[in-house]
Every structure is written in structure tokens, then in C-alpha cells.
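Right, one structure below, let's go through it.
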There are 2 protein chains.
Amino acid sequence: MAGVDRSLVANVPVFAGLAPEQIDQLLQEAQSVRYAKGTNVFQQDEGAHSFFVLLHGRLRVFKLTPDGQQVVVRFVTPGEVFGIAMAIGRATYPATAHAVVDSIALVWPSAAWPRLAATYPGLAVNTLQTVGSRLQDAHTRVVEMSTEEVERRVAHALLRLARQSGRGIEAGIEIDFPITRQDVAEMTGTTLHTVSRVLSAWESQGLVEGGRQRIILRDPHKLFLLAEGSPG
Amino acid sequence: MAGVDRSLVANVPVFAGLAPEQIDQLLQEAQSVRYAKGTNVFQQDEGAHSFFVLLHGRLRVFKLTPDGQQVVVRFVTPGEVFGIAMAIGRATYPATAHAVVDSIALVWPSAAWPRLAATYPGLAVNTLQTVGSRLQDAHTRVVEMSTEEVERRVAHALLRLARQSGRGIEAGIEIDFPITRQDVAEMTGTTLHTVSRVLSAWESQGLVEGGRQRIILRDPHKLFLLAEGSPG
DNA sequence: GACGCTCTTTGCCCCGGCGCAAACAGGGCC
DNA sequence: GGCCCTGTTTGCGCCGGGGCAAAGAGCGTC
């Protein structure tokens, strides 16, 4: 698409190591699409027609269970590929991607993937690494859910969010997109109520500062100790 | 290595679509190694020197937490690649692979991976699909642990084991390798005691049949209904 | 054939965290 | 400025399932 400049994707890991001309060629096949806050980029179980690279914004990726419960898979930050169901051999999207703020993504038709992967071998290798690190993350999550009590899981989740989407402010580190207690609950396998209680307790100890769809880590180090299981 | 015949890997998905000559070339670079029951193929945090394809046997892959708890990541069955830490950008193995029965694997040096992936593009594509389906599995597990109570999780785990390693016998489906209640607990995020209680209850209803390191599913369909959340 | 190791079962108690319910508060919108 | 919608807090009671403890049972070994 005209108007998508190479500099926009200079730091996109999935394009790492590709020659500038190759990146230009890839970009020529992409569309740049805007998704308004509150809309879905794609929905679970719908045909995996496209894959994407997020340029701006924040997406919440979640799975819906048959009985209507949501589980947050991850939040997508700019520079990440997403929606690569086709590349991993799925015909449909395994989850829904929802824009939590106004977002812009590059969009390629999934049908182009086999050709692109064959033409630019680095693309498949990079994608393999991306998927691999998501696999690591998922396993980490399984281990946490198997062995840690709720408080530690919430601490881990907040630290991860801060690392991925933290904005340093004088009061500490603020998660830089609107996130609810419910979201945190769905990331950690607990309930809205329990998350609220945990955060309230932490707030009274000065570890965090809350607000509507807002979380600030006032004392990341103490949270880290909590996450690692230090008593108290 | 001499003596490794192409027919041994005819049904290995990671080699799917490769030309017979290419498979022969790959096999020439591999060693065939035997691992006695009870030994480790590799250990968590050790340098990822090799990657593998399992030819015979069964491996239990698990992660060890800092405080000594184990979490089973998966069981490896013949035909699967494993230990591909290097391919997904890790310098060390993220888990330990333990032979639960005498096992044989093809072994390649990890250092050869970049060259192999570049030489045989199909290899990277197939590996991407493999890693992708493991990612799916891991997410499924996260969803189950987030939304299902223990009994359903155990039912799901047994059905998965039966599909992957089930031997049909007149009494039902038997898991065809030695597996302990502790293993099932570590797969489902619960305790040995709770798994034992659940299986005892099911045995008294005729759903399963137990034994030392032995589980037989007598009524897979009822178990399936249980796993899907049907009451009773 | 007896011993010992590992795996399994079961009883009992307790508690982390969930469910329910109700009150409370930002903040967007008219 | 007031209303309403959505998100948050908090109290209370209960219970699934974990912890602890101890007894029982395959199975390999000498």
C-alpha cells in the first residue's frame, strides 16, 4: 500500500534481518487499517483470512469458553505480529483480538503467507522465534497457575504488564492503557473480586495505586519480591 | 549415521513434504541414541546442544520451580521433535526430558539448525506448525486451569493421554506407559491426593480402572461428558 | 519368600479464595 | 449539572480441594 514507510517497521522483530528491499516488497503487499477502540480486529472461530503487524495501539486477545467465560491470552503491543493462525496450520482464529484503544495494523492476506515464507526465509525463522517465545510465556503461565497462589500470580501479571506497557512516571510505573480488574482476573485465573481485594490491600501498603481502569506500580521491587514468594 | 533408514521417519510430521533425498541427507547428520528408562535426555537450564526426534519410547517433559515443585509440560511420543530450544531462540533447555521407558531418539547438534533450516525450507515451516500446535495446547491448558474445576481438568488430561498414547483393550483404553497419580496431578495443577480421590470415585462408578502406574479408561464417553461439564 | 521401596488410598481438618449481594464512584453524555 | 453506565470496593458465608498423617499394596530385589 502506498504510504507505508519502511521506517514504520524498523523495529519489528519479525522483519529482523531482512534486507531493506525485501521489507519494501513485503510492505507493498500490506494494507494499513485502523481499528477504533472497542472494535474487534478478528473474532474467535472466524476464518483466518489475514495476518497482522500492530503499528499503533493495544489489543486484548482473549478466548471465550463454551459457557461464556473469557480468558485473556495476551495484550498485543506495537511491533508484534498477530493473527498468524494460518502460519501455524489453523484455518480459523483461536481467539478474538479486541482494540482497547484506537489502533492501526498492517494487514496481509493469509493466502499470501506460504509464498512470503518461501520467498523470505528469514520471515519463517523469525516467526518461529516469535511463536516459540509465546510458547515459553504460556508454559510460564501454566507453571504459575499450578504452583502459585493468587497473590503471586497477580504480582507476576502486573510486573509483566509494566515491562511490556509500562510508562515511567514520578509516582512509579503506570500501565499505559485502560485495563480493568476483570482483565487482570482473566489473565491470572481468578475473579474480579479477588483481584480487587488484592489490589486494595497493596494500595494500603503503598505498593500500587489504583483507579478506574488504571494501575500504577509504586514499588515494583517489593512487588517483585512478592511475586517471587518472599513472605510478607 | 549408518543404519538409520528413511522408513523410520516416514511418518514424522516435521519431515513432511521433504523429498526423500533431503530426508536421507538429514538422517546422515543424525546420531541414533538410546536412553535407558529413568535417565534424562536433557536437563532444564543446561546448554541446548542438541535437538531430537523420538523414534521409540516415551518421555516426560517437566519444569522444576525454584522451590522444587515439578510441572509436567507434556509427554513426548514417537515421531515428535523435541528439544528444539535453539530453533525458538533459547540458549538453554526450558525443561527436563526424562525417559519413562527405554527410548531411542535421533540427535542433531543444535549448531546445525540454522544451516538445516536454511537448506530445507520445509523444515522451518513444519517446525513452525509443530510449535504452533503446542502453543494451542498450552493455551487450552491455561483456559482449563482458569475456568474448570479439578475433576474436569483430570478428565480432559486422561482423554488427551488416551488419544495420544492409548492402547485399545477389551476393558477400554489403557494408557500405554507407566504413569503415576503424581504425574496426572502435575499435568492438571492439583495434588497427588486429589487425583487419587477423583480416580477412586470414578473407579467406583466404573468409569476407570486403576492400578500401580496404570490407568484404564473403561467408559471414555462418560468421561468426555464429565470433561465437557455435564453434571453428574 | 521376605524385605523394602515406591506408589496409592483414605480420613480429618482447615483455609484461600469464590459466589453472592449491595453500596459506591468515575466519567462520558445530554 | 445531573444522570447513567460501567467499573470498583467490601462484607459475609461457604466449600472445593490442599496439607498432614498414616495405613495399605504392587513389584523388584536379594
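Lettering follows sequence order; numbering is per chain, from 1. All values below come from the heavy atoms of this structure, side chains included, with hydrogens, waters and symmetry mates left out. Please read these numbers as outputs of a predicted model, since none were measured by experiment.
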Between the protein and nucleotides 19-23 of chain C, list every N/O to N/O distance that falls short of 3.5 Å.
{"residue": "C/dG19", "atom": "O6", "partner": "A/Arg197", "partner atom": "NH2", "Å": "3.1"}
{"residue": "C/dA21", "atom": "N6", "partner": "A/His193", "partner atom": "ND1", "Å": "3.3"}

Less than 4.5 Å apart, side chain to side chain, heavy atoms only: is that true for [X] and [Y]?
X	Y	result
B/Val184	B/Ile215	yes
B/Leu64	B/Gln70	yes
A/Trp202	A/Leu158	yes
B/Leu55	B/Val9	yes
A/Glu186	B/Ser146	no
A/Phe62	A/His98	yes
A/Gln136	B/Ile88	yes

* **Test side chain to side chain contact (heavy atoms under 4.5 Å, CB included) applied to B/Leu226 and B/His156, B/Gln205, B/Glu151, B/His221, the passing residue** =>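 Among B/His156, B/Gln205, B/Glu151, B/His221, the one that satisfies the side chain to side chain contact (heavy atoms under 4.5 Å, CB included) with B/Leu226 is B/Glu151.
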* Asked: Among B/Ile179, B/Val72, B/Val76, which residue meets the side chain to side chain contact (heavy atoms under 4.5 Å, CB included) test with B/Arg60?
  -> B/Val72
* **Upstream residue (5' side of DNA chain C) when A/Arg214 and A/Glu149 are each assigned their closest nucleotide** => A/Glu149
* To do: Measure the angle between the two terminal helix axes of the helix from C/dG1-D/dC30 to C/dC30-D/dG1, five base pairs each, and quote it to 10°.
  => 40°
* Mind checking side chain to side chain contact (heavy atoms under 4.5 Å, CB included) for A/Thr65 and listing every partner two or more places apart, or none if nothing turns up? => A/Asp67, A/Gln69, B/Val143, B/Thr147
* To do: For B/Arg218, enumerate each residue passing the side chain to side chain contact (heavy atoms under 4.5 Å, CB included) test, keeping only those at least two apart in sequence or located in another chain.
  => B/Ala171, B/Glu209
In whole Å, I'd like the distance from the [atom1] atom of [X] to the [atom2] atom of [N].
X	N	atom1	atom2	result
B/Glu209	C/dT8	CD	P	15 Å
A/Arg181	C/dG26	CZ	P	12 Å
A/Gln70	D/dG7	CD	P	11 Å
A/Lys37	D/dT6	NZ	P	13 Å
B/Met145	C/dC18	CE	P	13 Å
B/Gln69	D/dG18	CD	P	11 Å
A/Leu199	D/dT9	CG	P	7 Å
B/Glu186	C/dT8	CD	P	12 Å

* For DNA chain D, find the residues of residues 167-174 of chain B with a heavy-atom distance under 4.0 Å and give them by number; none if there aren't any. =>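 Within this stretch, nothing sits under 4.0 Å of the strand.
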[N] OP1/OP2 closer than 4.0 Å to side-chain N/O of [X]:
X	N	value
A/Ser200	D/dT10	yes
B/Thr180	C/dC7	no
A/Ser196	D/dT8	no

* Out of C/dG17, D/dG17, C/dC7, which has the shortest distance to the side chain of B/Gln213? ->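 Closest of the options to the side chain of B/Gln213: C/dC7.
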* Does the pair B/Arg167/B/Glu174 count as a salt bridge with the N-to-O cut at 4.0 Å? ->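 Between B/Glu174 and B/Arg167 there is a salt bridge, with a charged N closer than 4.0 Å to a carboxylate O.
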* Quick one: are the ring centres of B/Tyr93 and B/His49 less than 6.0 Å apart? ->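 Centroid distance B/Tyr93-B/His49: below 6.0 Å, so yes.
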Can you pull every protein N or O that's under 3.5 Å from an N or O on nucleotides 28-30 of chain D?
none

* To do: Could you tell me whether A/Arg212 contacts a base, only the sugar-phosphate backbone, or nothing, with contacts defined as non-hydrogen atoms closer than 4.0 Å?
  => base
* Going by distance alone, is a donor N or O of one side chain under 3.5 Å from an acceptor N or O of the other, for A/Ser165 and A/Arg58? -> yes
